[in-house]
Amino acid sequence: MNEMRDVIKRNQDSQSAANEHDEQKGKYMTFKSGNEYFGLKIHYVSEIIQIQAITVIPETEDYIKGLINLRGKVIPVIDVRLRFKQKPFEYNDRTCIIVINVKDMLVGLIVEKIAEVVEIKEENILPPPTIGRIDKGQNKYVYGIGKVGDTVKLLLDPDKLLNDEDLSVVEQVNDMSIEEE
């Protein structure tokens, strides 16, 4: 009897996860960085939090701002503007951290402000322009251009936001968090 209840529960959980994935399909969390609006597939987004105290990690890239403690989990944070080689900005009350899950690791993205959640149908997503593009700047992180009404959103590939060295720092931080639990 308990086994049957467990099987039914697992099926409900997997159906619930499948339904949630269907509901999230085509939805993007958009945010502003510089003069541009970017979008991340909503299924990458774990949560959005206000900017908080950041512990600096010595000898890392300038865009890796450091670590935050989020309810006992230590999470590395990246300043999106600096990652895109834009001018730094002063953090204010609109600045927030989008906590995303990349390759089963939590990473915080510091952004100027959250815009909205939008739905972008597959047919409204174009490949990024290739004119003069030799993996320069933010274009190497953009996998598509999403048309939303009269505007466009640059759609980001979170896997490409982090290079291999960044991933090793993130993995070390995540390993430390797991050991502490």
Side-chain angles (χ1 to χ4, degrees), residues 13 16-34 36-58 60-86 88-120 138 140-144 146 148 153-181:
D13 289 346
S16 173
N19 289 342
E20 187 175 312
H21 182 70
D22 287 346
E23 287 175 19
Q24 292 179 351
K25 189 172 171 72
K27 293 203 171 148
Y28 293 82
M29 167 64 61
T30 61
F31 62 90
K32 184 176 184 193
S33 180
E36 306 299 330
Y37 282 90
F38 294 88
L40 283 167
K41 286 184 180 177
I42 197 88
H43 74 268
Y44 285 107
V45 178
S46 175
E47 63 184 296
I48 299 165
I49 59 174
Q50 288 189 314
I51 195 78
Q52 53 186 273
I54 298 172
T55 303
V56 175
I57 307 171
T60 57
E61 299 288 340
D62 64 338
Y63 59 85
I64 299 175
K65 297 309 282 184
L67 305 169
I68 60 169
N69 183 342
L70 182 63
R71 294 183 298 281
K73 285 194 183 259
V74 177
I75 300 172
V77 290
I78 294 173
D79 187 310
V80 172
R81 279 183 72 124
L82 296 178
R83 184 66 175 126
F84 294 160
K85 306 217 182 305
Q86 298 172 332
F89 73 104
E90 195 163 324
Y91 301 159
N92 59 38
D93 61 339
R94 308 258 324 176
T95 306
C96 34
I97 299 173
I98 302 173
V99 179
I100 62 171
N101 191 327
V102 181
K103 298 180 181 177
D104 292 326
M105 294 179 274
L106 291 177
V107 179
L109 303 178
I110 301 172
V111 300
E112 286 173 64
K113 74 175 194 178
I114 298 295
E116 61 187 335
V117 173
V118 296
E119 186 170 345
I120 306 174
Q138 65 201 28
K140 64 182 166 185
Y141 314 115
V142 174
Y143 76 86
V148 181
K153 311 288 186 209
L154 302 174
L155 305 179
L156 297 177
D157 181 346
D159 293 334
K160 291 183 180 171
L161 279 175
L162 302 173
N163 62 35
D164 291 338
E165 290 111 43
D166 300 341
L167 284 173
S168 69
V169 169
V170 171
E171 284 172 350
Q172 289 171 8
V173 168
N174 278 293
D175 288 346
M176 287 184 334
S177 291
I178 290 168
E179 288 171 12
E180 291 173 2
E181 291 175 4

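Along the sequence shown, residues are numbered consecutively beginning with 1.
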Asks: Just how far is it from atom CG of Leu155 to atom NZ of Lys41, taken to the nearest 0.5 Å?
Replies: 8.5 Å
Asks: Can you name the closest pair of heavy atoms from Gly108 and Ile75 and give their distance?
Replies: N-CG2, 3.6 Å
Asks: Let me confirm one number: the SG-CD1 distance from Cys96 to Ile114, rounded to the nearest 0.5 Å.
Replies: 4.0 Å
Asks: Just to verify, which of Lys32, Arg81, Gln86 counts as forming a side-chain hydrogen bond (donor to acceptor under 3.5 Å, both in side chains) with Glu112?
Replies: Arg81
Asks: Start with the C-alpha gap between Val80 and Phe31, add the side-chain angles, then the distance that decides, and say whether side chain to side chain contact (heavy atoms under 4.5 Å, CB included) holds.
Replies: CA-CA 10 Å; Val80 172; Phe31 62 90; 4.0 Å; yes
Asks: So, for Tyr63 and Phe84, is the gap between ring centers shorter than 6.0 Å?
Replies: no
Asks: Let me know which of Ile42, Val118, Leu40 forms a side-chain contact (heavy atoms from CB on, under 4.5 Å) with Lys27.
Replies: Ile42
Asks: Hey, does the Lys NZ or Arg CZ of Lys160 hover above the aromatic six-ring of Tyr141, less than 6.0 Å from the centre and inside 45° of the axis?
Replies: no
Asks: In Å, rounded to the nearest 0.5 Å, how long is the span from CG of Asn101 to CG of Leu106?
Replies: 5.5 Å
Asks: Would the distance check show the side chain of Thr30 and the main-chain N or O of Gly39 forming a donor-acceptor pair, the cut-off being under 3.5 Å?
Replies: no
Asks: Are side-chain heavy atoms of Ile97 and Ile48 found at a separation under 4.5 Å?
Replies: no
Asks: Before you tell me yes or no, could you show the steps for Ile68 and Ile49 under side chain to side chain contact (heavy atoms under 4.5 Å, CB included), namely the whole-Å CA-CA distance, both residues' side-chain angles and the distance that decides it to 0.1 Å?
Replies: CA-CA 11 Å; Ile68 60 169; Ile49 59 174; 3.7 Å; yes
Asks: How long is the span from the CD atom in Gln52 to the OG1 atom in Thr55, to the nearest 0.5 Å?
Replies: 9.5 Å
Asks: If we ignore angles and hydrogens, is there a donor and acceptor under 3.5 Å between the side chains of Tyr143 and Asp159?
Replies: no
Asks: Rounded to the nearest 0.5 Å, how far does CE of Met105 lie from CD1 of Ile100?
Replies: 10.0 Å
Asks: Looking only at heavy atoms, what is the nearest atom pair of Glu90 and Thr95, with distance?
Replies: O-OG1, 4.4 Å
Asks: Report the distance from atom CG of Asp79 to atom OG of Ser33, rounding to the nearest 0.5 Å.
Replies: 7.5 Å
Asks: So do Glu47 and Leu70 actually touch side chain to side chain, heavy atoms under 4.5 Å?
Replies: yes
Asks: Between Val102 and Pro158, what is the shortest heavy-atom contact and its length?
Replies: CG2-CB, 3.8 Å
Asks: What pairs with Tyr28 under ring pair (Phe, Tyr, Trp, His ring centres under 6.0 Å), at least two apart in sequence or on another chain?
Replies: none
Asks: Can you check side chain to side chain contact (heavy atoms under 4.5 Å, CB included) on Ile110 and Ile78, steps first, answer last?
Replies: CA-CA 6 Å; Ile110 301 172; Ile78 294 173; over 6 Å; no
Asks: Begin with the C-alpha distance, continue with both residues' side-chain angles, and end with the deciding distance and a verdict on side chain to side chain contact (heavy atoms under 4.5 Å, CB included) for Val99 and Val45.
Replies: CA-CA 6 Å; Val99 179; Val45 178; over 6 Å; no
